[in-house]
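Chain letters run A, B, ... following the sequence lines, proteins first and then strands; every chain starts at 1. Keep in mind that the numbers below use all heavy atoms, side chains included, and drop hydrogens, waters and symmetry copies.
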There are 2 protein chains.
Amino acid sequence: RLVIKILEEKIKSEGVVLGSDILKVDSFLNHQVDPFLMSQIGQAFADKFSQAGITKVLTIEASGIAPALMTSLQLQVPMVFARKHKSRTLSGNFYTASVYSFTKQTENKIAISKKFINADDRVLIIDDFLANGQAVQGLLDITSQAGATAVGVGIVIEKRFQAGHDLILSKNIPLVSLASIDHFQDGQVVFNNEG
Amino acid sequence: RLVIKILEEKIKSEGVVLGSDILKVDSFLNHQVDPFLMSQIGQAFADKFSQAGITKVLTIEASGIAPALMTSLQLQVPMVFARKHKSRTLSGNFYTASVYSFTKQTENKIAISKKFINADDRVLIIDDFLANGQAVQGLLDITSQAGATAVGVGIVIEKRFQAGHDLILSKNIPLVSLASIDHFQDGQVVFNNEG
Ligand SMILES: Nc1nc2c(ncn2[C@@H]2O[C@H](COP(=O)(O)OP(=O)(O)O)[C@@H](OP(=O)(O)OP(=O)(O)O)[C@H]2O)c(=O)[nH]1
Ligand SMILES: Nc1nc2c(ncn2[C@@H]2O[C@H](COP(=O)(O)OP(=O)(O)O)[C@@H](OP(=O)(O)OP(=O)(O)O)[C@H]2O)c(=O)[nH]1
């Protein structure tokens with residue numbers, strides 16, 4: 001579909017490969033944000049999951065917020081972003097999950113208020129990147145603690161050479177990734193639908 | 001206008017006053033987000049500033065992202081969110097500013113990449129709350145370091161009993177606040193357009 005073409009084009013022309021396994025896309029997704037592209041991304045996820053009876057879109061601050069918000073707008077359901085850091089009004093009862101960082105080799109906690117997810121919810125998880133899948137795993141953990149149902153995961157850019165893709169599929173949860181990177185080659189991005 | 005009525009209604013019915021000077025609105029703005037309300041808020045700010053020749057919308061992670069994104073979508077310009085914490089691909093040259101926390105009595109740094117703001121930019125600053133104005137002041141500082149022009153500030157909820165409102169007006173920058181709180185009374189919110 002069109003948004004995938006546009007996204008791949010932007011990654012090729014504006015993305016920068018750092019080291020062996022990081023793609024920097026701070027010009028349209030992670031620092032500066034292209035609102036129209038986000039709107040197209042939201043439409044794409046909403047179309048893919050339109051029949052899933054979704055009641056809530058979940059993501060993690062901060063880069064997941066833009067694509068998740070646009071998805072929730074199209075699905076006409078609330079969006080909840082998990083907190084990673086202490087927040088001014090973060091009090092009350094929370095579901096928490098640990099998210100492991102392979103690079104930092106540390107555990108971080110993410111939290112969602114119990115007020116905003118319950119057993120009747122059918123959850124769509126949205127995030128900007130899928131790498132090792134720890135962040136998505138944390139959101140799935142919280143979804144399960146709440147007794148809610150995870151009906152799908154939507155990812156803007158997945159790196160297929162890392163474990164996240166298979167991790168999610170192994171849980172039998174539908175995964176929609178708009179841009180799927182097979183590998184990096186000489187500082188260039190090679191997508192799964194290419195050479 | 002309609003969005004102000006809707007916003008005030010939601011504050012009255014879902015907002016919780018904490019202590020003497022904090023309003024918790026985590027059900028539609030700060031944790032769970034109402035995407036349609038955000039869209040209406042974005043439209044309102046875009047309408048108010050439609051003639052200002054805005055080239056960029058600036059905000060700070062995380063709660064500012066939703067209203068700023070919707071505003072930038074309507075204005076058809078990029079949105080940039082300042083970083084408060086270290087980020088995976090945060091490298092390169094940045095403008096930074098200090099943001100003082102009265103409650104914590106600490107200085108925090110916010111940063112925006114020099115790639116995404118320059119002297120030709122006409123900037124609209126958007127944020128969720130206006131209290132003491134330190135966050136907005138930090139964004140104004142960065143705007144000025146870049147040689148750009150701050151053409152306006154859009155705030156979803158301002159607390160008029162704190163210094164931020166007057167601080168911004170003293171800089172002769174147009175300020176649009178959708179909900180303006182005069183004070184809290186017995187755990188209730190009293191708006192400036194009421195009793
Ligand atoms: N730009 C970019 N980011 C990547 C890439 N791979 C992973 N990330 C991001 O890195 C962060 C995870 O880093 P760590 O917690 O250190 O975990 P890791 O070493 O196991 O990957 C996440 O950012 P986050 O928590 O979502 O941060 P934020 O941007 O939301 O603040 C994730 O989205 C990549 O190729 N490019
Ligand atoms: N809910 C709520 N928040 C308020 C209120 N007044 C100020 N804040 C938020 O508190 C944070 C500022 O807290 P501090 O840095 O400790 O500064 P302060 O004590 O001088 O206010 C900001 O959140 P932030 O940095 O924008 O955090 P985030 O939500 O974006 O993560 C600001 O938006 C209020 O009445 N209600």
Side-chain angles (χ1 to χ4, degrees), chain A residues 16 18 22-39 42 56-92 94 101 103-104 111-113 115-117 129 131, chain B residues 16 18 22-39 42 56-92 94 101 103-104 111-113 115-117 129 131:
Chain A
V16 177
L18 302 176
I22 295 292
L23 172 70
K24 186 171 178 174
V25 285
D26 61 351
S27 64
F28 63 87
L29 181 63
N30 292 121
H31 186 31
Q32 176 163 269
V33 182
D34 179 337
F36 185 64
L37 176 65
M38 294 303 115
S39 171
K56 201 141 287 194
V57 174
L58 257 52
T59 192
I60 295 178
E61 60 174 330
S63 296
I65 292 171
L69 182 68
M70 291 302 186
T71 305
S72 69
L73 180 70
Q74 296 302 325
L75 289 172
Q76 298 181 51
V77 300
M79 182 273 278
V80 183
F81 61 92
R83 289 287 189 173
K84 291 192 289 198
H85 309 105
K86 285 217 179 304
S87 164
R88 194 70 181 269
T89 60
L90 217 72
S91 55
F94 283 80
S101 161
T103 8
K104 303 188 203 95
I112 290 184
S113 170
K115 291 192 299 180
F116 304 130
I117 179 169
F129 272 93
Chain B
V16 177
L18 301 176
I22 295 292
L23 172 70
K24 186 171 177 173
V25 283
D26 60 350
S27 64
F28 63 88
L29 181 63
N30 291 123
H31 186 31
Q32 175 162 271
V33 182
D34 179 337
F36 184 65
L37 176 64
M38 293 304 116
S39 170
K56 201 141 288 192
V57 174
L58 257 52
T59 192
I60 296 177
E61 59 174 331
S63 295
I65 291 172
L69 182 70
M70 290 303 186
T71 305
S72 70
L73 180 70
Q74 295 302 323
L75 289 171
Q76 299 181 50
V77 299
M79 182 271 278
V80 183
F81 61 94
R83 289 287 188 172
K84 292 192 288 196
H85 309 104
K86 285 214 178 304
S87 164
R88 194 71 182 267
T89 60
L90 217 72
S91 56
F94 284 80
S101 161
T103 7
K104 304 188 202 96
I112 290 183
S113 170
K115 291 192 299 182
F116 304 130
I117 179 169
F129 271 93

Find the distance between CG (B:L73) and CG (A:L73) and round it off to the nearest 0.5 Å.
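Those atoms lie 8.5 Å apart.
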
Mind checking the OG1-CE spacing from A:T71 to A:M38? Nearest 0.5 Å is all I need.
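That separation rounds to 10.0 Å.
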
Residue part contacting chain A, namely of [X], when any heavy atom lies under 4.5 Å:
X     : answer
B:V77 : backbone
B:L58 : neither
B:K56 : side chain
B:S27 : both

Within the distance-only criterion (no hydrogens, no angle test), does the side chain of A:H31 pair as donor or acceptor with the backbone N or O of B:F81 below 3.5 angstrom?
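Yes, A:H31 side chain to B:F81 backbone: donor-acceptor pair under 3.5 Å.
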
Looking only at heavy atoms, which two atoms of A:F94 and A:S113 are closest? And how far apart?
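In terms of heavy atoms, the two residues are closest at CD2-N, 3.2 Å.
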
May I ask you to name which of [options] has the most heavy-atom pairs under 4.5 Å with chain B?
options                      : result
A:M79, A:Q32, A:K115, A:K104 : A:Q32
A:A68, A:S63, A:P78, A:S39   : A:P78
A:V57, A:D34, A:I112, A:V16  : A:I112

Heavy-atom side-chain contact between A:N30 and B:R83 under 4.5 Å
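They are in side-chain contact.
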
Report yes if the side chains of A:M70 and B:M70 come closer than 4.5 Å at any heavy-atom pair, otherwise no.
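Yes, close enough: below the 4.5 Å cut-off.
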
